[in-house]
Amino acid sequence: MKSVKKFFGSGSRLLFKIAIAFFLFTIGLVLLFKWIDPPATSVMIINYIDARFADGQKKSLIKYQWVDYNDISPYMPLAVIAAEDQTFPFHNGFDFRAMKIAFKLNREGKSIRGASTISQQVAKNLFLWLGRSYLRKGLEAYFTLLIETLWSKQRILEVYMNIAGMGNNMFGAGAASQYFFKKPASMLSPHEAALLAAVLPSPSRLKAARPSAYLRERQRWILTHMNLLGGIGYLKNI
């Protein structure tokens, strides 16, 4: 009996030490990227490995160019907020109203996009992997809380605009602006920013270089909501 108690006691202590180590490591990692621009993300690394194994060609190389927040056209952050998360300046990382609506519609068998906020997407793309497992969703919630606690809203938005997928193995407004419009991200017009934001739900399927009728309609919807939010003056809330 004593040996059994000793076994479970030592096991509990080990799990506690692992939990503390994980907690300290993740806090340190999130704090690191509060000040240091990510050289890559977990999703970039996974995509790169998948592409290299699939074709082994140089075209699988990741297109990624970091651009600081103040060097990106203000229409770009406005466009991604209008497209992805219109309550971004005001929530604590989770849009519970959108989650409730999504859950209800999913139960009714209706097709709907997820209710992930910009903060949740940063957590997923920067630290985790794509998927729908309970483990990943739990870790996503955990990292979202850390990001919202330790970063400013502007930093969250800056990282998102730089790591969001905007084409096949293309990440961020810097690389996308140069590739699609042959100009730096600082010179993006409202229409160009809205077009890049329009591909965010599915960058591998929606093509900014060859916009479909659906993509053009989504671009117009984003432009409308950029105006409804109050234009770039809305960014004062960030």
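All of these numbers come straight from a predicted model, not from anything done at the bench.
Pairing each heavy atom of Phe171 with each of Ile163, the nearest pair is CD2-O, 3.2 Å. Between Tyr69 and Glu158, the closest heavy-atom pair is N-OE2, 2.8 Å. Arg155 and Asp37 get closest at one heavy-atom pair: NH1-OD1, 3.1 Å. When all heavy atoms of Ala79 and Ala193 are compared, the closest pair comes out as CB-O, 3.6 Å. Contact between Ile72 and Pro77 at its shortest, heavy atoms only, is CG2-CD, 4.3 Å.
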Start with the C-alpha distance between Glu84 and Gln121, add both sets of side-chain angles, then the distance that settles side chain to side chain donor-acceptor pair (under 3.5 Å), and finish with yes or no.
CA-CA 10 Å; Glu84 296 291 293; Gln121 292 181 57; 3.2 Å; yes
Checking side chain to side chain donor-acceptor pair (under 3.5 Å) for the pair Glu148/Ser119: CA distance, chi angles, key distance, verdict?
CA-CA 7 Å; Glu148 282 280 341; Ser119 304; 2.5 Å; yes
Check step by step if side-chain contact (heavy atoms from CB on, under 4.5 Å) holds for Ile46 and Ile49.
CA-CA 5 Å; Ile46 292 169; Ile49 293 172; 5.9 Å; no
Derivation and outcome, side-chain contact (heavy atoms from CB on, under 4.5 Å), residues Met166 and Ser177
CA-CA 10 Å; Met166 296 185 180; Ser177 180; over 6 Å; no
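To the nearest 0.5 angstrom, Ile147 atom CD1 is 9.0 Å from Thr117 atom OG1. Taken from CG in Leu206 to CG in Leu195, the straight-line distance is 10.0 Å, to the nearest 0.5 Å. In this structure, the separation between CG on Leu235 and CG on Leu157 is 7.5 Å, given to the nearest 0.5 Å. For the atom pair CG of Leu145 and CD of Gln120, the computed distance is 9.5 Å after rounding to the nearest 0.5 Å. Rounded to the nearest 0.5 Å, atoms OG1 (Thr144) and CD1 (Ile118) are 12.0 Å apart. Atom CG of Leu196 and atom CE of Met161 lie 11.5 Å apart (nearest 0.5 Å).
Around OH of Tyr160, the count of heavy atoms belonging to other residues, nucleotides or ligands within 6.0 Å exceeds 12. Counting non-hydrogen atoms of neighbouring residues, nucleotides and ligands closer than 6.0 angstrom, the CZ atom of Phe23 reaches no more than 12 such neighbours. The environment of Tyr134 atom OH is sparse: at most 12 non-hydrogen atoms of other residues, nucleotides or ligands sit within 6.0 angstrom.
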Output a table of donor-acceptor pairs, distance under 3.5 Å, between side-chain atoms of residues 219-229 and any protein atom two or more places apart or on a different chain; print 'none' if there are none.
from   : atom 1 : to     : atom 2 : distance (Å)
Gln219 : OE1    : Arg216 : NH1    : 3.0
Gln219 : NE2    : His191 : O      : 2.7
Arg220 : NE     : Glu217 : OE1    : 3.4
Arg220 : NH2    : Glu217 : OE1    : 3.0
Trp221 : NE1    : His225 : NE2    : 3.3
Thr224 : OG1    : Arg220 : O      : 3.0
His225 : ND1    : Gln86  : NE2    : 3.2
Asn227 : ND2    : Leu223 : O      : 3.4

Could you list the donor-acceptor pairs under 3.5 angstrom formed between side-chain atoms of residues 179-188 and any protein atom two or more places apart in sequence or on another chain?
from   : atom 1 : to     : atom 2 : distance (Å)
Lys182 : NZ     : Tyr179 : O      : 3.2
Lys183 : NZ     : Glu192 : OE1    : 3.1
Lys183 : NZ     : Glu192 : OE2    : 3.1

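Under the 3.5 Å distance criterion, the side-chain polar atoms of Lys34 are matched with a main-chain donor or acceptor of Leu150. Here the side chain of Asn162 pairs a donor or acceptor atom with the backbone of Val67 at under 3.5 angstrom. No donor-acceptor distance shorter than 3.5 angstrom exists from the side chain of Trp66 to the backbone of Val159, with no hydrogens or angles considered. At distances below 3.5 Å, not a single donor-acceptor pair connects side-chain atoms of Asp85 with backbone N or O atoms of Ile81. No side-chain donor-acceptor contact under 3.5 Å links Ser204 to the backbone of Asn168.
In this structure, the ring of Tyr48 has its center no less than 6.0 angstrom from the ring center of Tyr64.
Tyr75 and Ser189 share no side-chain donor-acceptor pair at under 3.5 Å.
For Lys124 and Phe143, the positive end is not near the middle of the six-membered ring at less than 6.0 Å and at most 45° from its axis.
No side-chain heavy atom of Leu139 sits under 4.5 Å from any side-chain heavy atom of Phe127. Counting heavy atoms from C-beta on, the side chains of Asp71 and Asp68 come closer than 4.5 Å. Contact annotation: the side chain of Asn125 never approaches that of Ser42 to less than 4.5 Å [non-hydrogen atoms, C-beta and beyond]. Side chains of Val80 and Phe88 form no contact here, defined as non-hydrogen atoms less than 4.5 Å apart.
Both Phe25 and Trp129 are assigned to one and the same hydrophobic cluster, defined by single-linkage of ILVMFWY side chains at heavy-atom distances under 4.5 Å.
For Ser212, the side chain to side chain contact (heavy atoms under 4.5 Å, CB included) criterion is met by Tyr214, Leu215, not counting sequence neighbours.
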